[in-house]
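For reference, the structure is listed below as structure tokens.
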Amino acid sequence: MHLTLQQWLTRLTLVPVVAAALIGALRFRYLPNNLRCLAYLVWFILPLDLIAYALMLQQRNNLFLMPLCAIGEFGLLVLVYAKTLRSPAFTRASPWLVGAFGAYVLFDSFSAGMLKEFRPGQQVLQSVLTLGLVGLYFRKLLHELRVQQLKREPMFWVSAGLIIYCLGYLQIALFSNYLLRYSDQLNMTVWMVHSLLFITLYCCYSLALWLPRKK
């Protein structure tokens with residue numbers, strides 16, 4: 001069966017997720033608490049991606065998974081950064097932040113009866129909030145943390161991957177009403193770009209989980 005480049009990339013997105021899940025399992029006992037939360041995040045995303053992929057192969061709508069994915073992914077990312085930043089104020093605010101985001105996602109998904117439609121507002125908000133988490137990390141990195149080699153710092157790779165992914169995906173979500181409906185070819189190109197961004201993110205996650213723990 002002949003597959004297009006976009007179809008190949010869609011299938012390849014599962015590879016770094018599986019790799020990150022396996023690395024997380026193999027190295028879990030050696031990981032600090034923040035990276036253990038990252039492993040939980042990968043293990044949470046993997047079955048959802050497998051279900052979404054199976055539904056896609058059956059040409060069935062899988063967008064109903066997006067609210068669950070958004071809430072779970074953001075909640076676990078907040079936990080990752082809470083354990084990295086170790087800020088009492090941020091730790092206290094974290095449940096409220098995740099709760100408010102979850103309430104918005106559920107309200108936005110169910111109030112309009114559009115559980116099976118792409119909801120760009122949710123993706124924009126999640127990307128902006130995630131970039132805020134990354135900004136807090138880099139602020140702490142510049143002012144408080146003492147890191148001799150950034151390339152050996154796992155959370156640097158996590159944050160770098162999130163910056164690349166969120167900035168790219170933010171453009172897709174912001175202009176989705178135009179980009180995804182202008183033409184089928186443009187739609188395919190946009191999702192090819194998204195697949196590349198997703199692969200980059202999970203390669204960064206895999207690297208972060210693989211790096212040896214600092215002594």
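Counting begins at 1 with the first residue of the sequence. Values below: every heavy atom of this structure, side chains too, minus hydrogens, waters and symmetry copies.
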Could you tell me whether Y202 and Y205 have their ring centroids closer than 6.0 angstrom? yes
For the ring pair H194 and Y165, is the centre-to-centre distance below 6.0 Å?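 Yes, the ring centres sit under 6.0 Å apart.
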Is there a path of hydrophobic side-chain contacts, each under 4.5 Å between heavy atoms of I/L/V/M/F/W/Y residues, joining [Y] to [X]?
X: L68; Y: L125; value: yes
X: V80; Y: W96; value: no
X: L26; Y: V17; value: no

For the student: nearest non-hydrogen atoms of [X] and [Y], plus distance:
X: L162; Y: L131; answer: O-CD2, 4.4 Å
X: P16; Y: S206; answer: O-OG, 3.5 Å
X: Y81; Y: V158; answer: OH-CG1, 4.0 Å
X: G161; Y: C204; answer: CA-SG, 3.7 Å
X: A82; Y: S94; answer: CB-OG, 4.1 Å
X: T84; Y: K140; answer: O-CE, 4.1 Å

Quick one, M56 with N62, criterion side chain to side chain contact (heavy atoms under 4.5 Å, CB included). Give me CA distance, side-chain angles, the key distance, then yes/no. CA-CA 7 Å; M56 183 195 70; N62 58 22; 4.1 Å; yes
N/O donor to acceptor pairs below 3.5 angstrom from side-chain atoms of residues 35-54, sequence neighbours left out:
residue: R36; atom: NE; partner: F28; partner atom: O; Å: 3.2
residue: R36; atom: NE; partner: L31; partner atom: O; Å: 3.1
residue: R36; atom: NH2; partner: R29; partner atom: O; Å: 3.3
residue: W43; atom: NE1; partner: A21; partner atom: O; Å: 3.1
residue: Y53; atom: OH; partner: R11; partner atom: NE; Å: 3.4

Given side chain to side chain contact (heavy atoms under 4.5 Å, CB included), test Y169 with F198 step by step and report yes or no. CA-CA 9 Å; Y169 191 44; F198 187 86; over 6 Å; no
Going from [atom1] on [X] to [atom2] on [Y], what distance comes out if it is rounded to the nearest 0.5 angstrom?
X: Q126; Y: C69; atom1: CD; atom2: SG; answer: 7.0 Å
X: F101; Y: I71; atom1: CZ; atom2: CD1; answer: 7.0 Å
X: L133; Y: L85; atom1: CG; atom2: CG; answer: 8.0 Å
X: L79; Y: T91; atom1: CG; atom2: OG1; answer: 9.0 Å
X: I163; Y: S127; atom1: CD1; atom2: OG; answer: 12.5 Å
X: L141; Y: M155; atom1: CG; atom2: CE; answer: 10.0 Å

Looking only at atom types and distance, does a side-chain atom of [X] sit under 3.5 Å from a main-chain N or O of [Y], one as donor and one as acceptor?
X: K83; Y: N33; result: no
X: R92; Y: S87; result: no
X: R152; Y: L211; result: no
X: W157; Y: K151; result: yes

Close side-chain approach of F74 and V105, heavy atoms under 4.5 Å: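 A side-chain contact is absent here, since even the closest heavy-atom pair is not under 4.5 Å.
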Could you walk me through whether I164 and L201 satisfy the side chain to side chain contact (heavy atoms under 4.5 Å, CB included) test, starting with their C-alpha distance in whole Å, then the side-chain angles of each, then the deciding distance to 0.1 Å, before giving a yes or no? CA-CA 7 Å; I164 295 169; L201 174 62; over 6 Å; no
For the residue pair S109 and Q122, confirm or rule out a side-chain donor-acceptor distance under 3.5 Å.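 Note: S109 and Q122 side chains meet the donor-acceptor criterion.
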